[in-house]
Amino acid sequence: IASRHGSNYGSARYGSQVGWSIVHELLPRIGVLRTIGPQRLDQVVGQVLPANHGFMGLQQSAGSAQRIGQLPQVARPTILAQVRQQIGRNAKRAIRHEIHRNPEVGFEETQTAALVAKKLREFGIEVTEGIAKTGVVGTLKGKQPGQRAIGLRADLDALHIQEVPGRNYGSTVPGKMHACGHDGHTAMLLGAAHYLSQHPDFGGTVNFIFQPAEEGLGGGKKMVEEGLFDSFPVDAVYGMHNMPGIPVGHFHTRTGSFLA
């Protein structure tokens, strides 16, 4: 669960960078619920990832394996700098604000889904629309050899809640708002999709899954029933959720079942 700062959903420093490519590997291995901060992330990853870790292009070169206490050098300073330079925090924030202004509830996310599909196509990613009515999947194949596949998932829908006025990007739809931060989740996953489309130096396939109707209507179940994993088979699916109240750049995680 990634932190956010105040009402700024999706601003976690590792949300669409290290979050999507590394933190998922920590989930089954760390143990009890704990907070991981930027100053400790290198240590924790160094302890749990194998020295030949190569997922998402983080393969260390021969002779440079540094397993304890430090991420591969490509991972933290380079990826973060590249993401900030190429995608830009303002660009991701603009996407989130646009979605926030135009909230759509479960199975009605037509405008949000269209925006997602448009952005994915701009990134050169293959797009499939209309799964569970408004669900979207983007598919990206890496340029390195590999047959495995993963899914990275975010949710699209808003809630039936009246937003308190005051934000310049506040909801324009009476009685509906993004009160759970799915606008941030969508922007973060688009950020990850953009980065990986520019750096496809990994083996296998990434499916970017944008799920409708998470808020009580079973959108994920509907996608599966309509053949999501028949059309887009994966070895695992990874996701994250914003969490107000923990410092920016920190994660809470644990082994086993874990609700947002």
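For clarity, every value in this text was computed on a predicted model and none was experimentally measured.
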Nearest heavy-atom pair of Pro200 and Lys141: which atoms, and what distance? CB-O, 4.4 Å
So if you build clusters from Ile, Leu, Val, Met, Phe, Trp, Tyr with side-chain heavy-atom gaps below 4.5 Å, do Val206 and Val127 land together? yes
Locate the shortest heavy-atom distance separating Leu159 from Ala179; write the atom from each residue and the value. CD1-CB, 3.9 Å
Looking at side-chain heavy atoms only, is the closest gap between Leu120 and Val136 below 4.5 Å? yes
Val173 and Val105: same hydrophobic cluster, using ILVMFWY side-chain contacts below 4.5 Å? no
Using a 4.5 Å cut-off on heavy atoms from C-beta on, say whether the side chain of Leu190 contacts that of Ile95. yes
To the nearest 0.5 Å, what is the distance between CG (Leu140) and CG (Asn207)? 9.5 Å
How would you list, by chain and number, every residue that makes a salt bridge (charged side-chain N to carboxylate O under 4.0 Å, His left out) with Glu108, sequence neighbours excluded? Lys176
Just wondering, do Asp183 and Tyr169 contact through their side chains at under 4.5 Å, heavy atoms? no
Glu215 side chain to Gly106 main-chain N or O, any donor-acceptor pair under 3.5 Å? no
So do Met223 and Ile209 actually touch side chain to side chain, heavy atoms under 4.5 Å? yes
Straight-line distance of Thr110 OG1 to Asn102 CG, nearest 0.5 Å: 10.5 Å
Are Leu189 and Leu115 joined in one hydrophobic group, where the rule is that I, L, V, M, F, W and Y side chains link up if heavy atoms are under 4.5 Å apart? yes
Using 0.5 Å steps for rounding, measure from the OG atom of Ser231 to the CD atom of Glu226. 10.0 Å
Would you say the ring centroid of His100 lies under 6.0 angstrom from that of His97? no
Which pair of heavy atoms, one from His252 and one from Met243, lies closest together, and at what distance? ND1-SD, 3.5 Å
Side-chain heavy atoms of Ile150 within contact of Val237, under 4.5 Å: no
Of all heavy-atom pairs between Gln144 and Asp201, which one has the smallest distance, and what is that distance? CG-C, 3.7 Å
Just checking, is any N or O donor in the side chain of Thr139 or Glu126 under 3.5 Å from an acceptor N or O on the other one? no
Between Gly219 and Ala132, which heavy-atom pair has the shortest distance, and what is it? O-CB, 4.2 Å
Roughly how far, to the nearest 0.5 Å, is NZ of Lys119 from CD1 of Ile125? 12.5 Å
Keeping the roles fixed (side chain from Thr186, backbone from Asp155), state whether a donor-acceptor pair exists under 3.5 Å. yes
Taking the side chain as every heavy atom from C-beta outward, state whether His199 and Lys143 have any atom pair closer than 4.5 Å. no
Could you work out, with side chain to side chain donor-acceptor pair (under 3.5 Å) as the rule, every residue matching Glu225, not counting sequence neighbours? Lys221
Nearest 0.5 Å, please: how far is CZ in Phe123 from NE2 in His194? 5.0 Å
From Ile99 CD1 over to His182 NE2, what is the distance, rounded to the nearest 0.5 angstrom? 12.0 Å
Phe208 with Leu228, same ILVMFWY side-chain cluster at under 4.5 Å: no
Validation row: Met188, Lys92 side chains within 4.5 angstrom (heavy atoms): no
Is the shortest side-chain heavy-atom distance between Pro212 and Lys222 below 4.5 Å? no
Please confirm whether the backbone N or O of Cys180 pairs with a side-chain atom of Asn242, one donor and one acceptor, at under 3.5 Å? yes
Any donor-acceptor pair under 3.5 Å from Glu109 side chain to Ala213 backbone: yes
Flag yes if Ile131 and Val116 sit in one hydrophobic cluster, no otherwise; membership is Ile, Leu, Val, Met, Phe, Trp, Tyr, and two members link when side-chain heavy atoms are under 4.5 Å apart. no
Residues passing the salt bridge (charged side-chain N to carboxylate O under 4.0 Å, His left out) test with Glu163, sequence neighbours excluded, are Arg167
Could you walk me through whether Met177 and Gln162 pass side chain to side chain contact (heavy atoms under 4.5 Å, CB included), step by step? CA-CA 6 Å; Met177 74 167 292; Gln162 179 63 46; over 6 Å; no
Might you confirm whether atom CZ of Arg121 has over 12 heavy atoms from other residues, nucleotides or ligands at distances under 6.0 Å? yes
